Amino acid sequence: MVYGAAAGDIAGSRFEFNNIKTKEFEIFHSRCFFTDDTVMTLAVAMACREYKIHKSLRLFKEQLIDEMHLLGKMYPYAGYGGNFSVWLSTKSRKPYNSWGNGSAMRVSPTAYFTDSLEETLALAKASAEVTHNHPKGIEGAQAAAGCVYMALNGASKDEIRSFINDNYYKLDFTIDEIRPVYTFDVSCQGTVPQAIECFLESTGFEDTIRNAVSIGGDCDTSACIAGSIAEAFYGIDDKTKNKVLSYLDEYLKEKIIKLNE
Ligand SMILES: [Mg+2]
């Protein structure tokens, strides 16, 4: 876990404000770096590890707030959105009704610490609610986490597509159709369905990342979300994992390796 999200984040990092509309690019380039997507996904993972022991959503939320504040202080310039930066710097413990894609970019670990789809959706909702308590913020987190859970537990792409179509978003577009016109959109509803489609149309892990970066927009975040689903569905080889780790500092590296033991 976290590898897929981080791989997408790292691959998309150099194109977030400099979009490319092609699948032809070097995924792990020397100008790539990790951003807030990786840092906050780790925060959720750390809080989920505790949740697995006590199974209390109330405690989980308190711990997630603590983890996000801690990591936000360690990595203050990771590229947080404006409102989230204020929430971090003021040490706020109150949500601010966000519908931004941050709730979906960080949510993937919830699927690894739960025993049913229902439990994943409940934990995903809780993970969003500490900041992104707007219905659209919760919806984005649940949709992304639901895909990861289903992928981890043997669901087919058709089943995942139906789950999203029936409960969250209409996936009535193709990546080729949206690539020429898709632009920067930090909302859940403008990022999560696109990221899911990038996974659904992919032929493998790397192809998922290429799809997500190629549509442009907030592509480190869409690649992070798509990558987290792709990791659960296809798995990630050791070479790619090591490549991801090579972009991280010792602290993040150690945490991610430990989480996956
Ligand atoms: Mg980012």
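Sequence positions, counted from 1, serve as the residue numbers for this chain. Atoms within each ligand, like the ligands themselves, are counted from 1 in listed order. Remember, it's a predicted structure, so these values are computed and weren't measured experimentally.
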Inset, instruction - Could you tell me whether the side chain of Thr191 and the main chain of Asp185 form a donor-acceptor pair under 3.5 Å? - result: yes
Legend entry - Separation between CG of Asp9 and OG of Ser228, rounded to the nearest 0.5 Å: 11.5 Å
Inset, instruction - Measure the CG-CE distance between Leu64 and Met46 for me, rounded to the nearest 0.5 Å. - result: 12.0 Å
Inset, instruction - First locate atom SG of Cys188, then atom NE2 of His132, and finally report the distance between them rounded to the nearest 0.5 Å. - result: 6.5 Å
Legend entry - Count of N, O or S atoms belonging to protein, less than 2.8 Å from the Mg ion (ligand 1): 4
Inset, instruction - Check the angle between the aromatic planes of Phe60 and Tyr51 and answer parallel, tilted or perpendicular using the 30° and 60° thresholds. - result: perpendicular
Legend entry - Under 3.5 Å side-chain donor-acceptor pair for Ser202 and Tyr234: yes
